[in-house]
Structures are given as structure tokens and as C-alpha cells.
Amino acid sequence: MQFPPKTKRLKRIGEPLIVNCSAKGEPSPNITWYKDGVRIPSKERLINDEVFSQLHVQRFKAKDQGLYECRITSKFEKAPISNFMHVGR
């Protein structure tokens with residue numbers, strides 16, 4: 001599984017934010033994004049046997065700062081696998 005970096009710092013408000021998360025497994029795992037513990041919309045795509053998900057904020061604002069989580073779940077895993085990343089200044 002590939003995770004985003006633990007901390008992502010932006011140089012300026014208004015810059016785009018793009019963070020990727022991917023996972024492999026059988027059956028295919030699901031990837032869900034959270035900001036400060038609240039689920040946020042995201043899309044997944046399957047390429048070969050790997051699931052990719054991208055968090056994309058077109059123009060990062062001060063209110064977008066926070067703790068982001070890429071959570072990977074699977075039917076056969078007892079607990080989700082998560083990676084947390086603080087985004088902001």
C-alpha cells in the first residue's frame with residue numbers, strides 16, 4: 001500500500017492540493033478520505049489490480065487546513081488501515 005506523506009505544507013493559500021493514496025488486494029480494497037474525522041467526497045479508480053484515490057482541492061483555503069486521513073478497508077481485514085496527514089502552514 002502507498003500512503004501520502006505525513007505532513008504537507010503549502011507555500012500560499014490559493015494553491016492546489018493534490019494527494020494520492022493507493023492499495024492492492026483481493027478482493028479490491030476501498031479507499032475513503034476524512035478531514036478532521038468527517039468523511040469527504042472522493043473517487044476511486046481501478047487500474048489493473050490496484051485501487052487509486054486522489055484528494056484534490058483546486059484552491060486551498062485557510063478553512064481547508066486540518067488532519068486528513070486516507071482509510072483503506074477490505075472485506076477480509078478486521079480493522080481499517082489508515083494514514084494521517086496534517087495539511088496547512
Legend entry - salt bridge (charged side-chain N to carboxylate O under 4.0 Å, His left out) contacts in which one or both residues fall within residues 67-76, not counting sequence neighbours: Glu69-Arg71
How close do [X] and [Y] get, heavy atom to heavy atom, and via which atoms?
X     : Y     : answer
Val51 : Ile31 : O-CD1, 3.7 Å
Ile13 : Phe60 : CG2-O, 3.3 Å
Pro27 : Ser74 : O-OG, 4.3 Å

Inset, instruction - Look at the side chain of Asn20 and the backbone N and O of Gln54, then say whether any donor-acceptor pair between them is shorter than 3.5 Å. - result: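 No.
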Inset, instruction - Give a yes or no on whether the backbone of Ala62 and the side-chain of Gln65 come within a donor-acceptor separation of less than 3.5 Å. - result: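 Present.
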Inset, instruction - Mind running side-chain contact (heavy atoms from CB on, under 4.5 Å) on Ile47 and Phe52 for me, showing each step along the way? - result: CA-CA 8 Å; Ile47 300 175; Phe52 292 88; 3.9 Å; yes
From [X] [atom1] over to [Y] [atom2], what is the distance, rounded to the nearest 0.5 angstrom?
X     : Y     : atom1 : atom2 : answer
Lys35 : Asp64 : NZ    : CG    : 6.5 Å
Asn30 : Ile72 : CG    : CD1   : 10.0 Å
Leu55 : Leu17 : CG    : CG    : 5.5 Å
Cys21 : Trp33 : SG    : CH2   : 5.0 Å
Ser28 : Leu46 : OG    : CG    : 4.5 Å

Inset, instruction - Give the cluster check for Tyr34 versus Tyr68: same hydrophobic cluster or not, with ILVMFWY residues linked at side-chain heavy-atom distances below 4.5 Å. - result: no
Inset, instruction - Tell me yes or no: between the side chains of Ser53 and Glu44, is some donor less than 3.5 Å from an acceptor? - result: no
